[in-house]
Trainee: 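Below is one structure. I have some questions about it.
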Amino acid sequence: MNNLVKIRRDLHQIPELGFKEFKTQAYLLEYIKSLPQERLQWEIWKTGIFVRVKGLKGVRTIGYRADIDGLPIKEETGFPYSSLHEGRMHACGHDFHMTIALGVLTNLINDPIDDHMLFMFQPAEEGPGGAEEMIKTETFAKWKPDMIFGLHIAPEYPIGTVATKPGLLFANTSELFIDFIGKGGHAAYPHLTNDMVVASCQFVNQLQTIVSRNINPMDAAVVTIGKITGGTVQNIIAENSRIEGTIRTLSEESMNLIRDRIQQMAKGAEITFNCQVKIDFGASYTQVYNTEQVTKDFMAFVERHSEATLFECKEAMTGEDFGYMIKDIPGFMFWLGVNSPYGLHHSKMNPDERAIEFAVNLINDYLHQA
Ligand SMILES: CC(=O)N[C@@H](CCC[C@H](N)C(=O)O)C(=O)O
């Protein structure tokens, strides 16, 4: 097993939720401190880390972002290096993202480029979001990159595939939490209660009409409810229920339209079920919009690369707070093929570890020719 695979497996065993990545941060720091320090400067930010590698000339600074948090999923891969944290899993590949960043960082120390590099090990990508805050820090301002890039693993593509496009790559997102507060009571006396299980079930169904009936069919949007909770026991009518989900759109206008419709529907549900409905839109991320020229240059590089296969993909409804990093600074994100039969956010996701070495070499070549 090579060292990067060992690192990936170590990180895979300690997934932590957003802004709770204490062991992950400690692991990354220990590795960073073990490297020759002459070219290195690093500063911690919350549970994340900034690492600067001084270049030979240092005219420009190139930023590279790796997200570091895991998901609240119980791992079911059965691997000997499965998560040691019950109910937590690196099911979105952030263990790969971190390992690849460490691999590139290590190579740059041994074989520096002219430009400075700023590595950002960013917490809380899955929620509530770390990127927007991280780029408002003094450290970021001090070491500000002239361009930033990052990758996300893609289970659906074979090893060696790099998929991206100029312009819109990932959607706008908004979390969605809705609480229903009614009047509980005995299961045999429904007429004396306001049943919040019925109210929330009807609401979940009603939400499905937003995309099918309110959004222009030529546009695209998603409203997903991923969790529903309510009630206490089978023979008590529920006084409270809660639905949790996410909204995805390709434009701010559609996002505003969906939020407005949800608020209107909530007013309707309050009248229909004689209850209170409280909406919290949680954290929202701006879209990932790849800067035209740097993305085209990167795509041309990939096309020339003997080991890589370029695929110009369509935009996806996934979200990424990386979008904030390239809102005002040129940059891009790309998908890295990892060939897993199970997709992102699945308890059996099993990315092929050969993608780590491929990505490190690819990025290394890109940086040396950029
Ligand atoms: C790449 C990826 O899977 N990102 C997440 C980002 C989630 C943001 C937020 N918690 C939300 O659900 O809106 C995704 O689910 O796309």
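Values below: all heavy atoms of this structure, side chains included; hydrogens, waters and symmetry mates excluded.
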Trainee: With salt bridge (Lys or Arg N to Asp or Glu O under 4.0 Å) as the test, would you mind laying out the steps for Lys165 and Glu315 before giving the verdict?
Mentor: CA-CA 8 Å; Lys165 69 185 276 291; Glu315 55 269 35; 3.7 Å; yes
Trainee: Taking NZ, NE, NH1 and NH2 as the nitrogens, is one of them in Arg9 or Glu353 under 4.0 Å from a carboxylate oxygen of the other?
Mentor: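 Here Arg9 pairs with Glu353 in a salt bridge, since their nearest N and O are under 4.0 Å apart.
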Trainee: Strictly by modelled atom types, are Asp260 and Gln264 linked by a side-chain donor-acceptor pair under 3.5 Å?
Mentor: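 On atom types as modelled, these side chains do not qualify, holding no pair under 3.5 Å.
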Trainee: Please, which pairs that meet ring-ring contact (aromatic ring centres under 6.0 Å, His included) have at least one residue in residues 178-198, sequence neighbours excluded?
Mentor: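 Every pair satisfying ring-ring contact (aromatic ring centres under 6.0 Å, His included) with a residue in residues 178-198: Phe180-Phe203, His186-Tyr189.
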Trainee: Whether Arg65 and Asp67 form a salt bridge (side-chain N of Lys/Arg under 4.0 Å from carboxylate O of Asp/Glu) is what I want to check.
Mentor: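 A salt bridge links Asp67 with Arg65.
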Trainee: Which residues pass the ring pair (Phe, Tyr, Trp, His ring centres under 6.0 Å) test with Tyr285, sequence neighbours left out?
Mentor: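 Not a single residue meets the ring pair (Phe, Tyr, Trp, His ring centres under 6.0 Å) criterion with Tyr285.
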Trainee: Using modelled atom types and a 3.5 Å cut-off, is there a donor and acceptor pairing between side-chain atoms of Glu16 and backbone atoms of Lys23?
Mentor: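 Side chain of Glu16 to backbone of Lys23, a donor-acceptor pair under 3.5 Å: yes, one is there.
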Trainee: Taking atom CZ of Phe19 as the centre, does the number of heavy atoms from other residues, nucleotides or ligands within less than 6.0 Å exceed 12?
Mentor: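 Check passes, neighbour count above 12.
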Trainee: Taking Glu133 first and then Lys46, would you say they form a salt bridge - that is, a charged N and a carboxylate O separated by under 4.0 Å?
Mentor: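 Yes, Glu133 and Lys46 are salt-bridged.
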Trainee: Using a 3.5 Å distance criterion without hydrogens, assess whether the side chain of Glu75 forms a donor-acceptor pair with backbone atoms of Ser347.
Mentor: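 No.
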Trainee: Below 4.0 angstrom, N of the basic side chain to O of the carboxylate: do Lys57 and Asp114 qualify?
Mentor: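 Between Asp114 and Lys57 there is a salt bridge, with a charged N closer than 4.0 Å to a carboxylate O.
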Trainee: Using a strict threshold of under 4.0 Å (side-chain N to carboxylate O), is an ion pair present between Glu86 and Arg88?
Mentor: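 Glu86 and Arg88: not salt-bridged.
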Trainee: When you measure from the side chain of Asn172 to the backbone of Met255, do you find a donor-acceptor pair of N or O atoms at a distance under 3.5 Å?
Mentor: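 Flag not set: sc Asn172 to bb Met255 has no pair under 3.5 Å.
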Trainee: Do the charged groups of Asp115 and Arg60 touch, with an N to O distance under 4.0 Å?
Mentor: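 A salt bridge links Asp115 with Arg60.
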Trainee: Any cation-pi pair here, Lys327 with Tyr289, using under 6.0 Å and within 45°?
Mentor: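 The answer is no; the distance or angle limit is not met.
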Trainee: Only counting residues at least two apart or in another chain, list the ones meeting ring pair (Phe, Tyr, Trp, His ring centres under 6.0 Å) with Phe79.
Mentor: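 Applying ring pair (Phe, Tyr, Trp, His ring centres under 6.0 Å) to Phe79 gives Tyr81.
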Trainee: In this structure, which one of Arg52, Gln41, Arg39 forms a side chain to side chain donor-acceptor pair (under 3.5 Å) with His116?
Mentor: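 By the side chain to side chain donor-acceptor pair (under 3.5 Å) criterion, His116 pairs with just one of Arg52, Gln41, Arg39: Arg52.
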Trainee: Begin from the C-alpha positions of Lys142 and Glu43 and carry the test salt bridge (Lys or Arg N to Asp or Glu O under 4.0 Å) through to its verdict.
Mentor: CA-CA 11 Å; Lys142 179 172 64 178; Glu43 282 184 18; 2.4 Å; yes
